Amino acid sequence: MTISRMTFAVLAAGVVMSLAAACSNSGSGTDASTTGPITLKLWTWTGAPGGEAMKRAIDAYTKDHPNVTITNTEVAAADFKAKVPLALKGGEQIDVLAVQPSLFAEQIKDQLLPVSAWEKDMPSGTMNKFQPLALEQNKKLYSDGQLYSVPFGLSGSAVGFYNAALLKELGVQPPQTFTDMAALAKTLKDKKPGVAVAVMPSGADSWFQDEFALTLAGQNDKDFFNNVRYHNGKWDTPAYEQALTSLRKIYADGGLDKNVIDVDYAGAEEKFATGKAAILFNGTWDSTLLSPDFRKANKIALTSVGAMPVPAVSDPSARSLRSFLDVTMGIPKTAKYSKEAADFIAYVTTGAGADLWSKNLGLFPAVQGWTARTGDPSFADEEAGAKTIQALLTSPHSDRNNMSAFSAEVGKKVLKVIGGSDPATAAKEMQDDLDSGKFN
Amino acid sequence: MRRKLPGEGRTAVLFLAPLFLVYALYFAYSFWFLIGTSFTKVSIGFSNAVAVGWKNYRLLLTDPAFLTAIRNNLLFAAASIAVSLTVAFAIAVLLASGIGGRRLYYAIFLVPALTPIALVATVFSRMLQYQDGALNQGLRAIGLDGLTEHWLTDSGWAFLAVIGLLAYLIGLPIMYYTADLAALRTDVLEAAVLDGAGPLLIMRNVIHPMMRSTHITVTLALLLGSFRAFEVVLLSTGGGPDNTTEIVGTYTYRFVTSAGSTIGYASAASVLVLIVAMLVSVVQVLVTRTKRGASR
């Protein structure tokens, strides 16, 4: 069989064009199409901001962009750090990735497109809409000072959610100090035996004890955590030791209840939701409790919930928390539709999408001018609580830029201190652990 | 004993070879990868690994939490074995003796072993909570308030709580014993009865020694299984308080699931655990061989 020169030329041109088309589809952040139907692949973790919350934003976006379909792969939070790097390394198409603002961000930096590469694909002025503090925190995530993701939502820890109806019934104001807490505990013992003054994730979830101790440490030295995190500062400082000493005393004086330190995360939530604890200490990610709709949908029978800062050991004006970005959004190099991904990111971070996913207050958008609302102004405690939390988040004593496994280790030692161990020895052990280098 | 046919060995090797090859490749690659990673500082993405020599091993061997975790593994295994060789064995013999309601008892003992361990551990953890846990509530209900304890946050009780949980999962040893009891030579038992031996004497001096191979199987299974008692600890005490109940599984898990370049460290921990587990197996094989030799 012979092939004419013309036929050969046509075939060769066809092969070259096919290869060119194939190469243009092979990732590395290039765009395949802007007109035909496309499927954006979004990866998030549970609570970032949650499947249902994100669905509201996705549905609205795809309604406005009929050629776009978005699939949200919601990975269990505990598995996210392990699964994502492997998926990216395996070349999995991920167009939009929720990037955890911790050591994880730096860890996957090389597999993300710099924001400078896709900023032009977002509506003009998008970058100016982010809260300046959020952008500043975002930059701290990457060692080379470039942005590889943009702020999505903020959270902080620790705060208190109180059973407002119960406190009203007892004629008690939300506690401002731990002396108030001890007084509340006494009132509860007399009038509502069996109801704990406060509960928080502990026991098998002792990492939260680290969060709580750091909140108290911030009352003594607001720069404590940032010094450790960013300037190689010491952990076993007098301010931290003092926080541990105070915590031990708070438990001894009845301001917190030693009988519930074996309750894990789910157990703490359950105790508060069923009225067995007057106050729940947790992160601001639990602000969903302030949403009447959320409570109704989840069959939480509490009629009124408020929010407050963690009480002060002495001076109420020192009450604060650590806050940080909870979720940032980036575009991996394995993205197939980076242009559309950038547009979607702008929509959910600074556009109308932010209002939709944040309806239940699981996370607070990092966009300027957004105001926390519970969805029903007739719930005064909830409205006030949402505003309290928003105010706390925007003026933290330090960043909640956690050090992962180290938190869990510290949490166990904090529990040991509550049990009666020496705070100075515990702080020294934590310092030794930090110095060992095994946690980073 | 059946005589071997000519060429039978070669046929067996032929059939077994593909499986052996797959296993050999799988294990060889896994070990090679694990050992290689253990000498680096690297994240789960396995890119930009930095060679750190023996540093990870040095850190591990000087970390009291890791050494406690290894010790706890062995102690939990010892407790599990002790309960199995006594309680599980006794239960299996009783059930095999024709006791009434046997099926119900089998179900009671076997269901926990067939239920996901994560579920059992979570339920136990709830039952042992101080304020609302079923155990303390029960004690309070019958006026024994003084006996209530912080089962999960007091170091000693937390340790015993994990042992209790492991003891609750004795269904598998009971199953092993039940299967082998069915194949026990009845003429020996009949002879013992004719000689006037009572039930306890028969159990201790006749049945127990005759079940030696089952004891070995149970011991080895529990000993090596203890290195995988991950959910039991993670979901009951989380390894606390202050690492009192930490085992190597929970210790390593924290480093694998955390962000940062901790995978080399976790790999080194896994290699050390592998070495300990292999040593345990070697000791076990040597001891059983010696005993077999002596009994011949």
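First the proteins, then the strands, lettered A, B, ... as listed; each starts at 1. Below, each value reflects all heavy atoms present in this structure, side chains not excepted, and no hydrogens, waters or symmetry copies. Owing to the predicted nature of the structure, the values given are computational and were not obtained by experimental measurement.
Of the atoms belonging to A:Ala266, heavy atoms from both backbone and side chain fall under 4.5 Å from chain B. Using a 4.5 Å cut-off between heavy atoms, A:Asp257 touches chain B through its side chain atoms alone. In this structure, chain B has heavy atoms under 4.5 Å from both the backbone and the side chain of A:Phe439. The part of B:Leu128 that comes within reach of chain A is its backbone (N, CA, C, O), which places non-hydrogen atoms under 4.5 angstrom from that chain. Residue A:Lys89 touches chain B through its side chain alone, counting heavy-atom pairs closer than 4.5 Å. Neither the backbone nor the side chain of A:Ser206 has a heavy atom closer than 4.5 Å to any heavy atom of chain B.
Proximity to chain A at a heavy-atom threshold of 4.5 Å picks out B:His150, B:Leu152, B:Thr153 from residues 148-158 of chain B, in numerical order.
Remark: A:Asn232 CG is loosely packed, at most 12 non-hydrogen atoms of other residues, nucleotides or ligands lying under 6.0 Å away. Within 6.0 Å of OH in A:Tyr230 there are more than 12 heavy atoms belonging to other residues, nucleotides or ligands. At most 12 heavy atoms of other shown residues, nucleotides or ligands fall within 6.0 angstrom of atom NZ in A:Lys192. Heavy-atom neighbours of A:Lys83 NZ from other residues, nucleotides or ligands within 6.0 Å: at or below the threshold of 12.
When B:Pro241, B:Gly133, B:Ser261, B:Ser236 are compared by the number of non-hydrogen pairs under 4.5 Å with chain A, B:Ser261 comes out ahead. Between chain A and the residues B:Leu235, B:Leu234, B:Asp63, B:Val233, the largest count of heavy-atom pairs under 4.5 Å involves B:Asp63.
No side-chain heavy atom of A:Ile261 sits less than 4.5 Å from a side-chain heavy atom of B:Tyr130. Contact annotation: the side chain of A:Asp264 approaches that of B:Arg126 to within less than 4.5 Å [non-hydrogen atoms, C-beta and beyond].
Under the 3.5 Å distance criterion, with hydrogens and angles disregarded, a donor-acceptor pair is assigned to the side chains of A:Glu409 and B:Asn243.
If you take CD on A:Gln107 and OG1 on B:Thr262, they are separated by 7.5 Å, rounding to the nearest 0.5 Å.
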Problem set entry | A:Val263 and B:Gln131: CA distance, side-chain angles, deciding distance, side chain to side chain contact (heavy atoms under 4.5 Å, CB included) verdict | CA-CA 9 Å; A:Val263 175; B:Gln131 199 174 43; over 6 Å; no
Can you give the donor-acceptor pairs under 3.5 Å from side chains of residues 273-281 of chain A to other protein atoms, not counting sequence neighbours?
from	atom 1	to	atom 2	distance (Å)
A:Thr274	OG1	A:Glu270	O	2.6
A:Thr274	OG1	A:Lys271	O	3.3

